[in-house]
Student: 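Could you have a look at this structure, given as structure tokens, before my questions?
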Amino acid sequence: MNIVVDQGKCVGAGQCVLAADDVFDQRDDDGLVDLLDAHPPAERLADVKHAAAVCPASAIAVSE
């Protein structure tokens, strides 16, 4: 799995962090997404896909 985030699209809603807090975080200075692990283990796929689906700005892309 490969994850790419577009910080230019991110609105800082934090839904990704709620869905997969070991993969995503928010920067302290502006609240934008911070990708902690671009290649998480396969067992995290469902949570990462959920994070991408609930992102209001569609700032997360996931490929397998």
Student: Between Gln7 and Val33, which heavy-atom pair has the shortest distance, and what is it?
Tutor: NE2-O, 2.7 Å
Student: Examine distances only and state if a side-chain atom of Gln26 and a backbone atom of Gly12 form a donor-acceptor pair shorter than 3.5 Å.
Tutor: yes
Student: Contact between Val62 and Val4 at the side-chain level, heavy atoms closer than 4.5 Å - yes or no?
Tutor: no
Student: Just do the side chain to side chain contact (heavy atoms under 4.5 Å, CB included) check on Cys16 and Ile60 with the steps written out, would you?
Tutor: CA-CA 9 Å; Cys16 56; Ile60 302 169; 3.6 Å; yes
Student: Has Asn2 got more than 12 heavy atoms of other residues, nucleotides or ligands less than 6.0 Å from its CG?
Tutor: yes
Student: Go through the steps to decide whether Ile3 and His39 satisfy the test side chain to side chain contact (heavy atoms under 4.5 Å, CB included), and finish with yes or no.
Tutor: CA-CA 7 Å; Ile3 304 167; His39 307 285; over 6 Å; no
Student: Within this structure, what is the CG-CG distance for the pair Leu18 and Asp47, rounded to the nearest 0.5 Å?
Tutor: 11.5 Å
Student: How long is the span from the CG atom in Leu36 to the CG atom in Asp34, to the nearest 0.5 Å?
Tutor: 5.5 Å
Student: Does the side chain to side chain contact (heavy atoms under 4.5 Å, CB included) test come out yes or no for Leu35 and Val23, once each step is laid out?
Tutor: CA-CA 6 Å; Leu35 183 60; Val23 178; 4.1 Å; yes
Student: Would Val5 end up clustered with Leu45 when hydrophobic side chains under 4.5 Å apart are linked, directly or stepwise?
Tutor: yes
Student: At their closest point, which heavy atom of Ala19 faces which heavy atom of Arg44, and how far apart are they?
Tutor: O-NH2, 4.2 Å
Student: Check Met1 against Pro41 and note the closest heavy-atom contact, atom names and distance.
Tutor: CE-O, 3.4 Å
Student: Is the backbone of Pro56 close enough, under 3.5 Å, to the side chain of Gln15 for a donor and an acceptor to pair up by distance?
Tutor: no
Student: Using side chain to side chain contact (heavy atoms under 4.5 Å, CB included), reason through Phe24 and Asp37 one step at a time and then give a plain yes or no.
Tutor: CA-CA 7 Å; Phe24 304 100; Asp37 187 355; over 6 Å; no
Student: With a 6.0 Å cut-off (strictly less than), is the heavy-atom count around CD of Glu64, excluding the residue itself, greater than 12?
Tutor: no
